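Since the model is a prediction, treat every value here as computed from it, not as a measurement.
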Amino acid sequence: TPIITRHFSFFFFFFPYLLNVLGFAAMTLDRVDARIIAELQAEGRLSVVELGERIGLTGTPCARRVKQLEQRGVIVGYAAIVDPVKLGLKVQAFIQVKLERHTDSNVETFERALAAIEQVVSCHATTGAYDFMLQATTPDLEALSTLVLKQLLRIPCVRDVHSSIVLDTVKHSLRVPVGHLALAARR
């Protein structure tokens, strides 16, 4: 057990450094940045003047802060949030995909094929029994069946697919939590 303890100590000591080197460390943002992000996530169409009034800054410093957040890649874009049901997309599903072998070539083939499938709105590489978790939205069950059987399972490197249909959405948010930024700024 001393060897295991030593390895865990080494891992936890160097883990924050490793995250930083790999580019996963959080940027240093202050409470004002956190408030800007929270306000823009709640209402992305705010003018700089309105945003400044809400967070207690005048227009110019507020605009400068927003521009810095955009340049640093914290704010990556602005978009309209659309209700899929109002567009006739009534079926949502989460689809787990397992590849034949997890090689660079297979991953590249899968990602290339997936990029052409409009119904898949998100794809995440995951740990566990499956390699990817997809979120898809279709007009009906027949379209979901076509997506799974005639598109996903026909990708050459796909070995297995498991689908779960969404019965009800209990919580759905596109907002990223920012409360930890305000707490970190106080320390």
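No more than 12 heavy atoms of other residues, nucleotides or ligands lie within 6.0 Å of CD1 in Ile81, so this atom counts as exposed by the packing criterion. Counting heavy-atom neighbours within 6.0 Å of Glu118 CD, excluding the residue itself, gives a total of 12 or less. In this structure, Asp83 places its CG atom where more than 12 heavy-atom neighbours from other residues, nucleotides or ligands lie under 6.0 Å away.
The backbone N or O of Lys98 sits nowhere less than 3.5 Å from a side-chain atom of Asp131 that would complete a donor-acceptor pair. Under the 3.5 Å distance criterion, the side-chain polar atoms of Ser47 are matched with a main-chain donor or acceptor of Glu50.
Looking at Ile95 and Val148, their side chains come closer than 4.5 Å, going by heavy atoms from C-beta outward. With contacts defined as side-chain heavy-atom distances shorter than 4.5 Å, the pair Ser105/Val107 does not qualify. In this structure, the side chains of Gln151 and Gln119 come closer than 4.5 Å at one or more pairs of heavy atoms. Residues Leu152 and Val158 form no side-chain contact, since every pair of their non-hydrogen atoms from C-beta on lies 4.5 Å or further apart. Proximity of Leu29 to Arg72: side-chain heavy atoms (C-beta onward) are separated by under 4.5 Å at one or more points.
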**Q.** Criterion side chain to side chain contact (heavy atoms under 4.5 Å, CB included) on Val176 and Gln41, from CA distance to verdict
**A.** CA-CA 8 Å; Val176 176; Gln41 286 189 117; 3.5 Å; yes

Q: Take Lys67 and Arg64 through the side chain to side chain contact (heavy atoms under 4.5 Å, CB included) test and state the conclusion after the steps.
A: CA-CA 5 Å; Lys67 185 173 178 100; Arg64 187 172 35 251; 5.8 Å; no

Q: Would you please test Ile55 and Cys62 for side chain to side chain contact (heavy atoms under 4.5 Å, CB included) and show each step?
A: CA-CA 9 Å; Ile55 64 169; Cys62 183; 4.2 Å; yes

Q) Can you list the steps and then say if Val97 with Tyr130 is a side chain to side chain contact (heavy atoms under 4.5 Å, CB included)? A) CA-CA 6 Å; Val97 177; Tyr130 288 84; 5.6 Å; no

Q: Check the pair Asp140, Lys90 against salt bridge (Lys or Arg N to Asp or Glu O under 4.0 Å), reporting the backbone distance first and the verdict last.
A: CA-CA 6 Å; Asp140 51 38; Lys90 298 174 187 160; over 6 Å; no

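Cluster membership check: Val48 does not share its hydrophobic cluster with Ile36, using side-chain heavy-atom separations under 4.5 Å among Ile, Leu, Val, Met, Phe, Trp and Tyr. Tracing side-chain contacts under 4.5 Å through hydrophobic residues (I, L, V, M, F, W, Y), one never reaches Leu134 starting from Leu89; they form parts of separate clusters. Leu141 and Val85 fall into different hydrophobic clusters, where Ile, Leu, Val, Met, Phe, Trp and Tyr residues are linked whenever their side-chain heavy atoms come under 4.5 Å apart, directly or through other members. Linking Ile, Leu, Val, Met, Phe, Trp and Tyr whenever their side-chain heavy atoms come within less than 4.5 Å leaves Leu114 and Met133 in two separate clusters. Residue Leu153 is grouped with residue Val120 when hydrophobic side chains (ILVMFWY) are merged at heavy-atom distances under 4.5 angstrom, including chains of intermediate members.
Summarising the geometry, atom OG belonging to Ser164 is positioned 13.0 Å from atom CD belonging to Gln92; distances are rounded to the nearest 0.5 Å. Taking CG of Leu46 as the start and CG of Leu40 as the end, the distance is 6.0 Å to the nearest 0.5 Å. Of the inter-residue distances, the one linking Ser163 atom OG with Gln96 atom CD reads 9.0 Å to the nearest 0.5 angstrom. The distance from atom CZ of Phe94 to atom NE2 of His124, rounded to the nearest 0.5 Å, is 8.0 Å. The distance from atom CD of Glu100 to atom CD1 of Ile155, rounded to the nearest 0.5 Å, is 12.5 Å. The CD atom of Glu53 sits 10.5 Å away from atom OG1 of Thr58, with the distance rounded to the nearest 0.5 Å.
The shortest heavy-atom contact between Ala42 and Arg175 is CA-NH2, 3.3 Å. Taking all atoms of both residues into account, the shortest heavy-atom contact from Ala34 to Val178 is O-CG2, 3.8 Å. Between Glu111 and Phe132, the closest heavy-atom pair is OE2-CE2, 4.4 Å. Across Cys123 and Phe110, no two heavy atoms sit closer than the pair SG-CE2, 4.2 Å. Closest approach of Leu87 and Val82 over heavy atoms only: CD1-CG1, 3.3 Å.
Using a 4.0 Å cut-off between charged nitrogen and carboxylate oxygen, Arg54 and Glu39 count as a salt-bridge pair. A salt bridge is absent between Asp30 and Arg35; no separation between the charged side-chain nitrogens and carboxylate oxygens falls under 4.0 Å.
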